[in-house]
Amino acid sequence: MPEVEDRLRKQARQIFKAGCAAVDPVIAVKNALELKENELQVRDQKISLEGIDSIVVLGAGKACISMVEAVHEVLGKKVSQGIIITKYGHADGHKLPSHFEVFEAAHPTPDQNSVKATSRMLQVASQATAQTLVLCCISGGSSALLCAPAGGLTLGEKQEATNQLLGCGCPIHEKNAVLKHLSLVKGGQLLRACQPAKVVSLVLSDVVGDPLDSIGSGPTVPDGWTFDDCLKVLDTYKLRETFPKSCMKYLLDGAAGKVPDTLKKEDSAVENSRTVVVAGNAIAVEAALEKARSMGYNTLLLSTFMEGEAKEVAKTWSALAKEERKFGRPVALPACIIGGGETTVSLNENPGVGGRNQALALSAALQIRGLDSVAILAGATDGGDGPFNDAAGAVVVGSDADVAEKKLGLDAQQFLDRCDAYNFFKKFEDGVFGNSNVIHLRDGPTGTNVADVTILLVEQSQSE
């Protein structure tokens, strides 16, 4: 039944793309921002531009280019200067004029360009006056792209700290909590640097539940985490012994009150700021559901709070597939069940190449082995599923694990165990399809970033 599986893969892709399109940053920002004569409307708040002699735009994240382009379309020549930091390859073909300085840097681990660009951003922020309006466009990815190591820490030490947190399996909010306490820009410290200017932040959320202090490590909002909380995170994931000694010392000094904490809600700078979430994962999931309904599927939203180890979360999706196959529930066939959130992967000592969505998909391929007329897609809405690869995720069907083993001798479980899902799917595609965009989602950066979407499609069994 290859024709059924091919159709299901294509339909899952179409549903996923509809979800991504619904959180287009340009549309999201324009819906939140409107210029009326000499007044700027930000959702339900009106900001007078009387007495404002300069408007500065600061942007960071994987989706910030599109966000800033939208701000420029709304404000035009009223913007006097802009500093933008995005991931390598995400600024290609941008339409911003020359007074916007655009930097590209590494993600998910910062590099020297991250430090250089952040230094320039902080320099411009420090020049703001009471007559300046600063518009900040923040999206996921800012945690790496904004890098200003605190307390004399080196870039190398910050990189090692980042890599350990990425590999330990902790959720994004815990990772970001530690990183912003090792920073001079995250955890509200960009807001602090902009004082005494009025600051308006437009945020595209890639974090489950949209907690403002976790999205991009919250550079312009008060931080609810403390140094003590950071130490608890390191203890939970048994990182105290391996964490860079200088970073460990800084956190301990912070817990002892020897170094200043991140910005807290009592700080006067908070009163001079406004933050709006312009789009998030729930909007993408709802749009994907609507697309599925238009294709004739009966739909169910599972949750937009999906977290946990990717290969374990895959078992939930596989169990749903089996429930649908045997009992036609929790929604009648043909069924489409969609969820959103962001899983994690605990890396082994010598990991291969992959990402959380590819790991989820590969684990699911093993779990739904032998089920016909079933497809599971797991994809990152920004178009990138981890470092060192060009895939956003993958879409698998019930025959994939067996076909890969019988035709190519590929053992899916071995690839999953060594965190090498990318190479499994690449070898499988090249060997069976001669095409690298059948199972893999390999369409490049989407321009947006609202975490991940998982899609389960189940139709009536062809063998019944």
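No experiment lies behind these values; they were computed from the predicted model shown.
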Go through the side-chain N and O atoms of Asp229 and Thr226 and say whether any donor and acceptor fall under 3.5 Å apart.
yes

Under the criterion side-chain contact (heavy atoms from CB on, under 4.5 Å), I'd like the reasoning laid out for Ile15 against Ile338: C-alpha separation, chi angles, the key distance, then a yes or no.
CA-CA 10 Å; Ile15 294 167; Ile338 301 179; 3.9 Å; yes

Where do Ile84 and Val57 come nearest, in terms of heavy atoms and distance?
CD1-O, 4.3 Å

Looking at CG of Leu8 and CD1 of Ile455, how far apart are the two atoms once the value is rounded to the nearest 0.5 Å?
12.0 Å

Compare all side-chain heavy atoms of Phe103 with those of Met121 and state whether any distance is below 4.5 angstrom.
no

Given Asp382 and Asp206, is the side-chain contact (heavy atoms from CB on, under 4.5 Å) satisfied, shown in steps?
CA-CA 9 Å; Asp382 65 351; Asp206 71 329; over 6 Å; no

Verify whether one side chain among Asn163 and Thr109 offers a donor that lies under 3.5 Å from an acceptor in the other.
yes

Between CZ on residue Arg13 and CG on residue Asn437, distance to nearest 0.5 Å
4.5 Å

Which atom names give the shortest non-hydrogen contact between Ala177 and Cys230, and what distance separates them?
O-SG, 3.3 Å

Run the side-chain contact (heavy atoms from CB on, under 4.5 Å) check on Asn113 and Glu104 step by step: do they pass?
CA-CA 7 Å; Asn113 276 0; Glu104 290 184 300; 5.8 Å; no

How many angstroms lie between OG1 in Thr299 and CG in Leu457, if you round to the nearest 0.5 Å?
11.5 Å

Do the charged groups of Lys426 and Glu429 touch, with an N to O distance under 4.0 Å?
no

What is the minimum heavy-atom distance between Leu263 and Ala269, and which atoms define it?
CD1-CB, 4.5 Å

Main-chain N/O of Val115 paired to Ser119 side chain as donor or acceptor, under 3.5 Å
no

Testing the basics here: between Thr118 and Ala148, what is the closest heavy-atom pair and its distance to 0.1 Å?
CG2-CB, 4.0 Å

At what distance, to the nearest 0.5 angstrom, does OG1 of Thr242 lie from CG of Leu239?
5.0 Å

Hey, what do you get for CG (Leu441) to OG1 (Thr381), rounding to the nearest 0.5 Å?
11.5 Å

Gln189 versus Ser183, side-chain donor and acceptor atoms under 3.5 Å
no

Whether the side chain of Ser363 engages the backbone of Ala359 through a donor-acceptor N/O pair (distance < 3.5 Å, no angle test) should be reported.
no

Determine yes or no for a side-chain-to-main-chain donor-acceptor pair under 3.5 angstrom, with Glu69 supplying the side chain and His94 the backbone.
no

Can you name the one residue among Leu204, Val26, Ile27 that meets side chain to side chain contact (heavy atoms under 4.5 Å, CB included) with Thr448?
Leu204

Do Glu101 and Gln81 have side chains that approach each other closer than 4.5 Å (heavy atoms only, starting at C-beta)?
yes

Sort out for me which residue in Asn423, Asn389, Asp420 forms a side-chain hydrogen bond (donor to acceptor under 3.5 Å, both in side chains) with Gln358.
Asn389

Closest non-hydrogen atom pair, Pro25 against Gly447:
CG-O, 2.9 Å

Within the structure provided, determine whether Asp400 and Arg9 are in side-chain contact (heavy-atom separation under 4.5 Å).
yes

Is there a side-chain contact between Phe433 and Ile439 (heavy atoms, below 4.5 Å)?
yes

Report yes if some heavy atom in the side chain of Leu360 is under 4.5 Å from a heavy atom in the side chain of Arg356; otherwise report no.
no

Applying the salt bridge (Lys or Arg N to Asp or Glu O under 4.0 Å) criterion to Asp223, which one of Lys186, Lys265, Lys180 satisfies it?
Lys180

For the backbone of Gly340 and the side chain of Asp452, can you confirm whether one donor and one acceptor N or O come within less than 3.5 Å of each other?
no

Rounded to the nearest 0.5 Å, how far apart are CD of Glu5 and OG of Ser373?
7.5 Å

Within the 3.5 Å criterion, strictly below it, is a donor on Thr262 or Lys264 matched to an acceptor on the partner's side chain?
yes

Just do the side-chain hydrogen bond (donor to acceptor under 3.5 Å, both in side chains) check on Ser214 and Asn176 with the steps written out, would you?
CA-CA 6 Å; Ser214 288; Asn176 288 355; 5.5 Å; no

Do Asp417 and Gln413 have side-chain atoms, one donor and one acceptor, less than 3.5 Å apart?
yes

Measure the shortest side-chain to side-chain distance between Thr454 and Met306 over non-hydrogen atoms and say whether it is less than 4.5 angstrom.
no

Begin from the C-alpha positions of Trp317 and Ile368 and carry the test side-chain contact (heavy atoms from CB on, under 4.5 Å) through to its verdict.
CA-CA 9 Å; Trp317 287 100; Ile368 63 172; over 6 Å; no

Determine yes or no for a side-chain-to-main-chain donor-acceptor pair under 3.5 angstrom, with Ser114 supplying the side chain and Asp111 the backbone.
yes

Is any side-chain heavy atom of Leu251 less than 4.5 Å from a side-chain heavy atom of Leu234?
yes

Please determine whether salt bridge (charged side-chain N to carboxylate O under 4.0 Å, His left out) holds for the pair Lys249 and Asp253, giving the CA-CA distance in whole Å, both sets of side-chain angles, and the decisive distance to 0.1 Å.
CA-CA 6 Å; Lys249 181 179 185 304; Asp253 285 347; 2.8 Å; yes

Are Leu190 and Leu122 packed together at the side-chain level, in the sense that at least one heavy-atom pair is separated by less than 4.5 angstrom?
yes

How far apart are the C-alpha atoms of His440 and Tyr422, what are their side-chain angles, what is the distance that settles it, and do they pass the ring-ring contact (aromatic ring centres under 6.0 Å, His included) test?
CA-CA 8 Å; His440 260 145; Tyr422 176 85; 4.9 Å; yes

Do you know the tightest heavy-atom contact between Phe100 and His72?
CE1-CD2, 3.7 Å

